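No experiment lies behind these values; they were computed from the predicted model shown. Side chains included, hydrogens not; waters and symmetry mates left out as well; all remaining heavy atoms used. Just so it is clear: chains get the letters A, B, ... in the order the sequence lines come, proteins before strands, and each one is counted from 1.
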Amino acid sequence: MEYNFQEIEARWRKQWAEQKTYHVEPDSTRPKYYVLNMFPYPSGAGLHVGHPLGYIASDIYARYKRLNGFNVLNPMGYDAYGLPAEQYAIQTGQHPAVTTEANIARYREQLDKIGFSFDWEREVRTCDPAYYHWTQWAFQQMFDSYYSLSLQKAQPIADLVSRFEERGTEGLQAACSEELSFTAGEWQAMSEVEQQQTLMNYRLAYLGETMVNWCLQLGTVLANDEVVDGVSERGGYPVVQKKMKQWCLRVSAYAQRLLDGLDTVEWSESIKETQRNWIGRSEGTEMQFRVAPLAEGEKAAALPRPESFTIFTTRADTIFGVTFCVLAPESELVQGLTTEAQRPAVEAYLEATKKRTERERISDRRVSGVFSGSYALNPFTGAAIPIWISDYVLAGYGTGAIMAVPAHDSRDYAFARHFSLPVVPLIEGADVSRESFDAKEGIVMNSPAQGCACGGLELNGLTVQEAIAATKKFVTAHGLGRVKVNYRLRDAIFSRQRYWGEPFPVYYKDGMPRMIPSECLPLQLPEVSRFLPTETGEPPLGNAADWAWDVEKREVVACSLIDNRTVFPLELSTMPGFAGSSAYYLRYMDPSNAAALVGKEAGSYWQSVDLYVGGSEHATGHLIYSRFWNKFLCDKGVSCSEEPFQKLINQGMIQGRSNFVYRVKNSNTFVSLGLKDQYDTTPIHVDVNLVSNDRLDLEAFRNWRPEYATAEFILEQGEYVCGWAVEKMSKSMYNVVNPDYIVERYGADTLRLYEMFLGPISQSKPWDSNGIDGCFRFLKKAWALCQSAIEAATAPKESENCPIGQEKLSAACGELSAACEKPAPTKDNLKTLHRLIRKVTDDIEAFSYNTSIPAFMVAVDEWRQQQCQSPEVVGRLCVLLAPFCPHFAEEVWHLLGHGSSVCDAQWPQCDESYLKEDSVRLGVQFNGKVRFSLDFPADATSAQMQEIAMAAPEARKYLEGMQVVKVVAVPGRIVNFVLKK
RNA sequence: GCGCCUGUGGCGGAAUUGGUAGACGCGCCAGACUUAGGAUCUGGUGUCCUACGAUGUGCAGGUUCGAGUCCUGUCAGGCGCACCA
């Protein structure tokens with residue numbers, strides 16, 4: 001019987017849906033396993049073949065785990081908030097909710113055709129109020145928390161308030177925007193608004209005046225990871241720095257835990273490294289530099305002149321090579337340290353710097369700066385050194401001030417050379433005449449002799465590493481500064497001036513934000529008259545007629561009712577994309593719980609994601625934010641696990657493989673690839689769906705576009721061969737391959753098999769339809785093998801003609817196969833089987849699916865040669881094949897007479913005894929070169945192998961006249977003789 | 001500049017601990033069956049040579065009886081960070 005994949009797949013698709021085969025509930029009698037895919041944004045273009053790559057890989061693992069007795073959670077949902085739907089809305093007026101709904105329907109239809117074992121009853125959508133209820137709730141929890149550095153844990157903000165009432169900031173170790181210092185008395189003397197402003201400094205979700213990445217074209221701010229090379233990741237519009245009041249999340253508080261957690265998870269080294277870079281921990285020293293008194297006749301600026309300032313350095317050992325200091329232009333110290341004489345120059349410089357955008361700063365790295373007029377005193381030597389201002393020092397990192405050591409820092413060096421400042425080398429043998437010596441290695445020299453201002457620190461002769469440690473110790477002991485750890489990781493900006501996102505559950509009273517009561521959540525996204533910013537430049541929610549909060553009625557009311565006594569304006573910005581994706585994996589555990597994000601029972605059963613599959617492009621976005629979010633929820637006792645994703649697999653991107661036809665210039669004639677060099681041609685992208693194995697379907701091409709209806713072709717051997725190139729998969733290059741097309745033509749099982757066969761999951765590779773026939777052929781061969789086994793099992797009763805494909809079939813076949821004698825598997829059959837079991841089991845555990853598919857092909861070929869008709873062997877083949885080709889396996893499983901789904905079968909165990917060979921053929925080498933092979937007993941020892949090899953007639957000609965120096969015999973591998981004349 | 005990863009036939013890619021490099025698939029070649037084949041089946045296919053044989057995993061060294069695999073250097077490609085002190 002033919003392998004009718006369309007009929008088979010449709011039937012099981014229906015059956016699985018009706019039987020709810022993939023629905024799961026917590027079950028304390030079985031171990032759990034949680035498999036998760038990064039949920040997709042439902043774009044208007046639908047799925048292309050790249051999307052299912054990761055889904056198939058994780059589905060195989062999910063099914064494999066289930067066959068091994070695990071209770072597997074494998075959910076799917078949609079990251080439904082996002083820019084494209086909103087931009088489409090602006091252009092067409094179509095409400096984003098409508099387009100999103102339509103796109104989701106299309107995605108679902110496409111996903112359903114591929115045979116995933118998703119539990120659709122657990123679907124979540126980030127734009128569903130029942131879902132974003134908990135996004136808003138988490139935000140409020142962060143607002144009501146601060147981070148205690150002594151406990152390394154988020155704590156209720158109320159605890160901080162009572163602490164302030166008792167002791168002020170004394171002894172407080174808390175993550176904050178700015179180090180504050182006040183007494184209990186001072187706290188009590190503050191007005192309520194002042195107290196609220198003070199608390200903002202500590203809240204984990206806070207309103208902050210920060211420099212943000214502002215994108216004018218998108219009309220919104222962007223997080224650091226959404227800006228690439230000074231332009232927006234989405235759209236590529238310019239991004240400028242702007243000071244704005246925005247909601248922020250104090251991600252930086254968790255920097256150390258985010259770093260430490262990386263050592264506990266099974267992620268690829270490269271993605272861990274990317275996160276380590278992004279967190280950017282650097283251990284250094286903060287040192288106080290006193291400011292030198294003004295010289296005679298100098299006039300200070302009007303502003304109060306600081307007595308000292310603090311710098312941050314990782315190279316404390318180079319303190320004796322400091323020849324100047326540099327302040328960031330934005331530093332608060334600049335005003336106070338600028339002398340009257342230098343003021344015009346400094347003002348001019350600050351003005352010029354402000355005008356330069358981030359983009360210009362990156363592209364144009366000319367050395368620039370200005371002298372402040374003031375001098376600092378080296379804390380060790382007391383020497384006076386000039387204080388400069390330059391934009392190569394960043395205000396946002398460290399203290400915004402540095403000590404410059406031109407001999408050992410390339411940026412300081414460039415600056416010193418440009419402004420003719422002295423360079424003092426400190427490392428033996430370092431040549432600093434042309435460039436600085438930046439490496440942290442070598443032996444220190446040139447530190448002053450005993451008896452300098454801070455005598456007792458002797459660095460000469462130490463290695464750099466020793467000198468850093470010695471200096472740190474000295475600095476701490478003498479109160480010159482402190483050891484400090486800095487992180488590059490910034491707080492996440494959490495406001496977006498957009499419509500299609502989660503609204504903030506916040507209203508404003510006296511200019512201070514207040515949370516709406518958590519019982520009133522979710523605060524639903526209002527309707528707006530238009531999706532663009534308002535005329536006054538407010539975010540799109542400014543267009544909503546009903547967007548005010550009535551604190552008495554506890555509901556949303558019309559904006560016209562705002563009186564700032566009982567009715568207040570609501571927040572107009574919305575949350576960014578990463579808000580909704582930060583805790584969705586928790587929601588899948590308990591998707592319909594109305595009382596909590598995730599219930600205690602569900603949470604403690606499912607714990608965390610065991611296997612997470614998705615693209616590596618989220619390394620510094622989603623994968624940082626959701627780890628932060630989870631750690632916070634873990635502190636609050638909501639999440640049960642410190643890390644949300646235990647194992648992470650990054651699937652590579654599938655690129656497009658474009659095809660070209662070559663049009664002879666000024667004609668409608670197209671020449672085949674091999675002959676194109678004989679003509680003057682223009683390559684034209686041709687839709688890859690008109691091409692098969694790089695051969696163009698001429699008829700389809702003529703019908704593709706009206707202008708090609710009369711096309712003429714110059715063929716090679718009767719065929720038109722197309723050129724090809726690997727490019728990004730995109731509509732404009734006509735190289736988008738739609739999975740529906742593959743499913744229609746070859747079936748879902750072939751698609752699944754082929755996507756895995758394409759190469760290692762984590763590698764990026766182009767989609768190439770050329771190989772798909774090989775996988776299709778394999779399934780057809782496997783089908784034929786299975787058919788003969790089914791026939792053998794059911795044939796004896798010729799009178800009852802089994803109508804295959806009918807409903808009653810499985811029951812009927814069950815009786816039949818029990819009644820008749822089944823062909824027993826031969827030893828060879830079983831040998832092939834157990835070798836396959838071993839290989840496939842090992843491969844799945846290692847996510848190396850691309851290598852287990854060849855193993856299936858070889859095994860099926862072997863069985864066909866052995867004329868295997870054993871239902872037992874074929875049955876176990878079905879189970880092995882079930883994760884890869886579920887429809888196929890299910891069909892054969894039923895035809896073999898099994899009543900239940902193959903999904904609930906048991907994964908076969910490998911019987912090692914079948915793998916042992918009686919004898920094994922090994923190469924015999926002389927002087928490292930294989931000369932002949934011999935059969936050895938499989939369990940031969942090294943000594944026995946030597947004996948056999950030396951006695952072999954073939955060996956005589958090599959051993960003659962030679963002296964055996966050494967014999968190496970590796971059982972199971974090789975026998976090697978080392979000979980000498 | 002710093003960090004991470006990858007280099008194997010015409011192509012995608014295999015190769016436990018160092019042990020007969022190129023599994024499997026595509027493509028190509030030959031044959032069988034066919035009125036026909038973009039169907040099916042069988043055999044062949046790294047390179048050089050008529051053959052014996054030689055040679056071969058980016059390049060150059062090293063360790064070893066033996067290296068795709070280990071070590072050193074180098075080149076190329078990809079990714080991440082990037083004036084982070």
* Considering residues at least two apart in sequence or located in another chain, which fulfil the side-chain contact (heavy atoms from CB on, under 4.5 Å) criterion with V858(A)? -> E862(A)

* To do: Please name all residues satisfying side-chain contact (heavy atoms from CB on, under 4.5 Å) with D843(A), sequence neighbours left out, ordered by chain then number.
  => K839(A), S848(A), T851(A), S852(A)

* Nearest-angstrom distance, P atom, rG10(B) to rC49(B) -> 15 Å

Contacts under 3.5 Å, N or O only, protein and nucleotides 2-9 of chain B:
residue: rG3(B); atom: O2'; partner: E273(A); partner atom: OE2; Å: 3.2

* Can a side chain N or O of K780(A) be found less than 4.0 Å away from OP1 or OP2 on rU40(B)? -> yes

* Please work out if P760(A) contacts a base, only the sugar-phosphate, or nothing of the nucleic acid, heavy-atom cut-off 4.0 Å. => sugar-phosphate

* To do: Report yes or no: do D491(A) and S252(A) form a side-chain donor-acceptor pair below 3.5 Å?
  => yes

* Asked: Among all residues two or more places apart in sequence or in another chain, which pass the ring-ring contact (aromatic ring centres under 6.0 Å, His included) test with W767(A)?
  -> Y754(A)

* If only atom types and distance count, is the side chain of Y720(A) paired as donor or acceptor with the main-chain N or O of L698(A) below 3.5 Å? -> no

* Go through the structure and list residues passing side-chain contact (heavy atoms from CB on, under 4.5 Å) with K272(A), not counting sequence neighbours. => L262(A), V265(A), W267(A), E269(A), R276(A)

* **ring-ring contact (aromatic ring centres under 6.0 Å, His included) involving F309(A) - partner list, sequence neighbours excluded** => none

* Of the candidate nucleotides rC81(B), rA14(B), rC24(B), which contains the atom at the shortest distance from the side chain of T620(A)? -> rC81(B)

* What distance, rounded to whole Å, do you find between the two C1' atoms, one in rA67(B) and one in rU16(B)? -> 16 Å

* To do: Name the closest nucleotide to the D697(A) side chain, picking from rA85(B), rG38(B), rG13(B).
  => rG38(B)

* Asked: F884(A) vs F856(A) aromatic rings, parallel, tilted or perpendicular, using cut-offs 30° and 60°?
  -> perpendicular

* Asked: Closest to the F757(A) side chain: rC81(B), rG12(B), rA85(B)?
  -> rG12(B)

* Structure fact -> To the nearest angstrom, the CZ-C1' distance between F776(A) and rC26(B) comes to 16 Å

* Can you check the I279(A) CD1 to rG80(B) C1' distance for me, whole Å? -> 14 Å

* Determine the Euclidean distance between corresponding C1' atoms of rG77(B) and rC71(B); express it in Å to zero decimal places. => 24 Å

* **Euclidean distance for P, rC52(B) against rU45(B) (whole angstrom)** => 13 Å

* Asked: How long is the span from the OH atom in Y349(A) to the CG atom in D391(A), to the nearest 0.5 Å?
  -> 3.5 Å

* 5'-most by nearest nucleotide on RNA chain B - K781(A) or A855(A) -> A855(A)

* Whole-Å distance between rA23(B) C1' and D861(A) CG? -> 13 Å

* **Residue R777(A), side-chain atoms from C-beta onward, closest of rA85(B), rC81(B), rC41(B)** => rC41(B)

* To do: Identify all stems in which RNA chain B takes part, counting only runs of at least 3 consecutive pairs (Watson-Crick or G-U wobble, each distance under 3.5 Å), and give each as one range with another, ordered by first number.
  => B:1-7 with B:75-81, B:10-12 with B:24-26, B:27-32 with B:40-45, B:46-48 with B:53-55, B:58-62 with B:70-74

* Determine: side-chain N/O of R276(A) to OP1/OP2 of rC81(B), distance under 4.0 Å, yes or no. => no

* Please list, chain by chain and in numerical order, all residues satisfying ring-ring contact (aromatic ring centres under 6.0 Å, His included) with F289(A), sequence neighbours excluded. => none

* To do: Look at the side-chain N and O atoms of Y754(A) and state whether any lies under 4.0 Å from the OP1 or OP2 oxygen of rG25(B).
  => no

* Asked: Separation of E2(A) atom CD from rU40(B) atom C1', in whole Å?
  -> 11 Å

* For the pair made of CG in L836(A) and P in rC24(B), what is the distance, rounded to whole Å? -> 15 Å

* Can rG27(B) be described as syn, meaning its chi torsion is within 90° of 0, or is it anti? -> anti

* Results of side-chain contact (heavy atoms from CB on, under 4.5 Å) for R482(A) - residues two or more places apart only -> E179(A), E286(A), K484(A)

* Starting from P on rA82(B), measure out to OH on Y397(A) and report it in whole angstrom. => 12 Å

* Asked: How far does the C1' atom of rA30(B) sit from the matching atom of rA23(B), given to the nearest Å?
  -> 23 Å

* Could you check which of rU40(B), rA85(B), rG38(B) has an atom nearest any side-chain atom of I402(A)? => rA85(B)

* Rounded to whole angstroms, how far apart are OH on Y849(A) and C1' on rA14(B)? -> 18 Å

* To do: Name all residues meeting the ring-ring contact (aromatic ring centres under 6.0 Å, His included) criterion together with Y413(A); count only those two or more places apart in sequence or in a different chain, and write none if there are none.
  => none

* Asked: Taking for each residue the nucleotide of RNA chain B bearing the nearest heavy atom, is the 5' side occupied by M857(A) or by G400(A)?
  -> M857(A)

* To do: In whole angstrom, give me the gap between the C1' atoms of rU69(B) and rU6(B).
  => 15 Å

* Say you pick atom C1' in rG18(B) and the same atom in rG9(B); how far apart are they, in whole Å? -> 24 Å

Check: protein-nucleotides 75-77 of chain B nitrogen or oxygen pairs below 3.5 Å:
none

* Compare side-chain N and O positions of R488(A) against OP1 and OP2 of rC81(B) and report whether any pair is under 4.0 Å apart. => no

* Rounded to whole angstroms, how far apart are CG on D412(A) and C1' on rA85(B)? -> 7 Å

* Pairwise P distance, rG43(B) and rC26(B) [rounded to whole Å] -> 14 Å

* Asked: Using a cut-off of 4.0 Å on non-hydrogen atoms, how would the nucleic acid contact of V858(A) be classed: base, sugar-phosphate, or nothing?
  -> sugar-phosphate

* Asked: Using a cut-off of less than 4.0 Å, is there contact between a side-chain N or O of N850(A) and OP1 or OP2 of rG12(B)?
  -> no

* Restricting to pairs with a member in residues 316-326 of chain A, which pass side chain to side chain donor-acceptor pair (under 3.5 Å), not counting sequence neighbours? -> R315(A)-D317(A)

* Asked: So, for S390(A) and P329(A), which heavy atoms are closest and what is the spacing to 0.1 Å?
  -> O-CD, 3.2 Å

